[in-house]
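So the structure is just underneath, and the comments pick up after that.
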Amino acid sequence: MVDVILGLQWGDEGKGKIVDYFAKDYDVIARFQGGPNAGHTLYVEDKKIVLHQIPSGVFQKNKLNLIGNGVVLDPVTLKRECDTVASFGVDLKKNLFIAERTHLIIPTHRALDKAAELSKGNQKIGSTLKGIAPTYMDKTGRNGLRVGDLLDKNFTTAYIKLRLKHQKLLDNYSFAEDITAWEEEFFEALEFLKQLNIVNGEYFINQQLQAGKRVLAEGAQGSMLDIDFGTFPFVTSSNTISAGVCSGLGVAPQKIRDVIGVTKAYCTRVGGGPFPTELDDETGEELRKVGNEFGATTGRPRRCGWIDLVALRFACMINGVTKIVMTKADVLDAFKVLNVCTSYNVNGEESTEIPFRLDRMKVEARYKTFPGWNTPTCAAKSFTELPETMKTYVDFINKYLEVKIHYISNGPGRDQIICV
Ligand code: GDP
Ligand code: IMO
Ligand code: MG
C-alpha cells in the first residue's frame, strides 16, 4: 500500500514537516519527482534542517528512504546533505537507497538553466537555477546520464559527449562563466555517490510492497507547478501530482491508497507566474513577516495572498485527494479579517474553473470574508481548544472542496499538529 503526501498549491506548503510527522507510521519513504529545487524544512532536536534531495523520513528511526527514478539528482547537493544528516547519527548506508534510473544533474545543466533564464528577460520563470529543466529535457530528449551509468566503464566518455553538446548550446547563449570549480566538486561527489546504495528502484519498492510494507511517497513542489496541469510555462519540469508517483517510482496505480494534500491556510508562490489571490499590500507584507515566507532553497521572499479555493478544488480533482492537511493556521492568528477566494472574475465573467492560460487572462479573485480568530493558537493540542472562528473557516473549506481537512498544523515544531 502506498500513501502520498503532496503539495496542493505552488510549493512550500510544509510538506517536509508533514512527511516527517507521518513517516513514523510507514516503512519506506520515497521521493518520486523534482530535485534540489525542493527545500523541505523540518526540525530535529530543535535544529532546523532543510532537505533538498533526501526524503523527509530520514530522521525517523529504522525507515528506508528511496530517491526514486522520477527524481533528478545533483550529486554535490546530495553529498552535502548526507554529511548534515550523518552528523545527527543517521546511518545512510542502512537507510538511504537511490534508484539507478534516476537522472543526474551535471554542472552544464546548471549553467544551461542560468543561461536560459537570463535569455528570457522579463518573461523569466524564476527558476531555482538548480539545473532542473535542462536535466528533464535531456531525459525526455533521451540524452541524459543516470545514476546506474556511473558504474559503467564508459561513463567519462558519455559525460564528455553530453558536456560538449551542452557547450554548443551555451555558446549560442553566449554564456561564458567558468564552471571548472563546479566540475571538480561534481566528480568528487560522484565518488561519494558510488559508495551509497544504488538499487533497482522498481524492484526495491515492489518487493517492499509485496512483503506488506507501507510506503509513503513524498511530493516536491506543488500541483500548480505541475508540468501538465500547472500555470504553464511558469511551472517546474516534472509531474508533481499523484500520477507522478506511478512513473516516478514504478508502482501501479491500484497500489495507491490515500492522497494526502497539503495546503497552507493562506497561499504563497515564489518565482514568476500568475497568482490570482496575491496581496501586493500591507496585508501581504504582514503574511510574509508573520509566516516567515522566505524560500528554503533560494532565500527569496515569497509572494503571499489569501487561500484560493478555485485552485485548491482543481488540485483536489487532478490528484484524487482523500485527506487534507492545513498548515500554518497559526500564521492567521495575527489577522482580524480573513478572505477566502471562492471564484474568479475572468475577463468580466464569473468562473470557478482554472482557465487554459491564467497568465493571459484578466483574472480577479472574488472573496468570501470571515472574521479572524485573532488569538494565539500555537499552543493548542486538540481540536476542541481551537477557536470557533477557526472551526468555521475550516468547515467552509471542507464543504467547498468536498474533501475534509484531517489535520491542522499550528506551528513549525514537530509536535505542533492537531488531528481534527
Ligand atoms: P515544503 O517545501 O512544502 O516542505 O515547505 P518549506 O519547508 O519550504 O516551507 C514551509 C515553512 O513553514 C518552513 O519554514 C516550516 O518550518 C514552516 N512551517 C511548517 N508548518 C508550519 C506551521 O504550521 N506553522 C508555522 N508557523 N510554520 C510552519
Ligand atoms: P518545494 O518542494 C516553491 C518554482 C520556482 C520557479 C519554478 C521553476 O520546496 O515546495 P525550477 O527550479 O523547478 O526550474 O523552478 O518553480 N519552484 C518552487 N517553488 N517550492 C518548491 O519546492 C519549488 N521548486 C521550484 O520558484 O518559479
Ligand atoms: Mg520548500
Side-chain angles (χ1 to χ4, degrees), residues 6-7 9-16 31-42 48-56 67 70-81 84 102-139 144 166 170 173 175 177 179 182 185-186 189 218-227 230-240 244 248 267-275 288 292-304:
L6 46 73
Q9 299 170 307
W10 280 279
D12 302 329
E13 296 90 349
K15 300 176 290 294
R31 275 276 305 269
F32 59 92
Q33 47 69 233
N37 47 349
H40 295 181
T41 314
L42 41 103
K48 178 176 162 171
I49 315 272
V50 181
L51 294 172
H52 304 284
Q53 296 271 194
I54 300 178
S56 301
I67 298 180
V71 170
V72 288
L73 182 69
D74 183 340
V76 178
T77 308
L78 180 71
K79 179 173 183 296
R80 210 174 292 141
E81 209 161 288
T84 309
T102 307
H103 277 251
L104 286 169
I105 302 178
I106 75 169
T108 38
H109 282 134
R110 278 163 61 197
L112 279 168
D113 210 359
K114 212 168 161 183
E117 272 287 77
L118 275 173
S119 75
K120 288 198 162 118
N122 63 4
Q123 279 301 298
K124 73 175 194 311
I125 307 297
S127 160
T128 59
L129 305 180
K130 302 292 180 191
I132 306 299
T135 308
Y136 278 115
M137 280 162 73
D138 272 338
K139 175 178 178 171
H166 290 166
L170 288 167
Y173 282 119
F175 184 90
E177 222 170 287
I179 60 161
W182 292 3
E185 54 176 13
F186 175 74
E218 173 180 5
Q221 291 80 54
S223 305
M224 298 308 285
L225 288 171
D226 181 89
I227 182 71
T231 46
F232 191 89
F234 299 96
V235 292
T236 190
S237 302
S238 62
N239 280 117
T240 60
C267 192
T268 65
R269 168 162 211 172
V270 57
F275 181 5
R288 184 155 40 248
N292 192 23
E293 294 295 355
F294 295 89
T297 297
T298 57
R300 289 177 291 176
R302 294 177 183 146
R303 299 157 63 192
C304 297

* Structure fact -> CD1 of I49 to NE2 of H40, rounded to nearest 0.5 Å, is 14.5 Å
* To the nearest 0.5 Å, what is the distance between CD (E13) and SG (C267)? -> 8.5 Å
* Structure fact -> Heavy-atom closest pair (E81 atom, Q53 atom, distance to 0.1 Å) is OE2-N, 3.0 Å
* Structure fact -> So CG of L112 and CZ of F175: to nearest 0.5 Å the spacing works out to 8.5 Å
* Asked: Does G222 offer a backbone N or O that forms a donor-acceptor pair with the side chain of T240 under 3.5 Å?
  -> yes
* Please determine, by modelled atom types, if S127 and D113 share a side-chain donor-acceptor pair under 3.5 angstrom. => yes
* Asked: Just checking, is any N or O donor in the side chain of H166 or D138 under 3.5 Å from an acceptor N or O on the other one?
  -> yes
* Please walk me through it: do F275 and T231 pass side-chain contact (heavy atoms from CB on, under 4.5 Å)? -> CA-CA 9 Å; F275 181 5; T231 46; over 6 Å; no
* Looking only at heavy atoms, which two atoms of G271 and R303 are closest? And how far apart? -> O-NH1, 2.7 Å
* To do: State whether a side-chain donor-acceptor pair under 3.5 Å links T135 with H103.
  => no
* Structure fact -> Value for CD1 (I227) from OG (S238), rounded to nearest 0.5 Å, stands at 8.0 Å
* **For F294 against P301, the heavy-atom pair lying closest together** => CD2-CA, 3.5 Å
* Taking it one step at a time, do R110 and F186 satisfy side-chain contact (heavy atoms from CB on, under 4.5 Å)? -> CA-CA 12 Å; R110 278 163 61 197; F186 175 74; over 6 Å; no
* Report the C-alpha separation of D12 and R302 in whole Å, then their side-chain angles, then the decisive distance to 0.1 Å, and conclude whether the salt bridge (Lys or Arg N to Asp or Glu O under 4.0 Å) test is met. => CA-CA 9 Å; D12 302 329; R302 294 177 183 146; 3.0 Å; yes
* **Validation row: L225, R269 side chains within 4.5 angstrom (heavy atoms)** => yes
* Under the 3.5 angstrom rule, does the side chain of K15 hit a backbone N or O of Q221 as a donor-acceptor pair? -> yes
* **Minimum side-chain heavy-atom gap Y136-V72 below 4.5 Å** => yes
* Asked: Side chains of H52 and K130: does their closest heavy-atom pair fall under 4.5 Å?
  -> no
* Begin from the C-alpha positions of T77 and I105 and carry the test side-chain contact (heavy atoms from CB on, under 4.5 Å) through to its verdict. => CA-CA 10 Å; T77 308; I105 302 178; over 6 Å; no
* To do: Could you pull out the closest heavy-atom pair between I67 and P55, with the gap in Å?
  => CG1-CD, 4.0 Å
* Structure fact -> Smallest heavy-atom separation, P274 atom then W10 atom, equals O-CZ2, 3.7 Å
* Would you name the heavy atoms of G11 and T268 that are closest together and state the gap between them? => O-OG1, 4.2 Å
* To do: First locate atom CG of L73, then atom CD1 of I106, and finally report the distance between them rounded to the nearest 0.5 Å.
  => 13.0 Å
* Kindly indicate, with the supporting measurements, whether the criterion side-chain contact (heavy atoms from CB on, under 4.5 Å) is fulfilled by M224 and Q9. => CA-CA 5 Å; M224 298 308 285; Q9 299 170 307; 5.5 Å; no
* Working to the nearest 0.5 Å, report the span between CG of L118 and NZ of K120. => 11.0 Å
* To do: Could you tell me whether the side chain of D226 reaches within less than 4.5 Å of the side chain of V235, counting heavy atoms only?
  => no
* Any side-chain donor near an acceptor of the partner, N239 and Q33, under 3.5 Å -> no
* To do: Would you confirm whether E218, through its side chain, and G16, through its main-chain N or O, come within 3.5 Å as a donor-acceptor pair?
  => no
* **Criterion side chain to side chain donor-acceptor pair (under 3.5 Å) against N37, the qualifying member of T128, T298, T236, T297** => T236
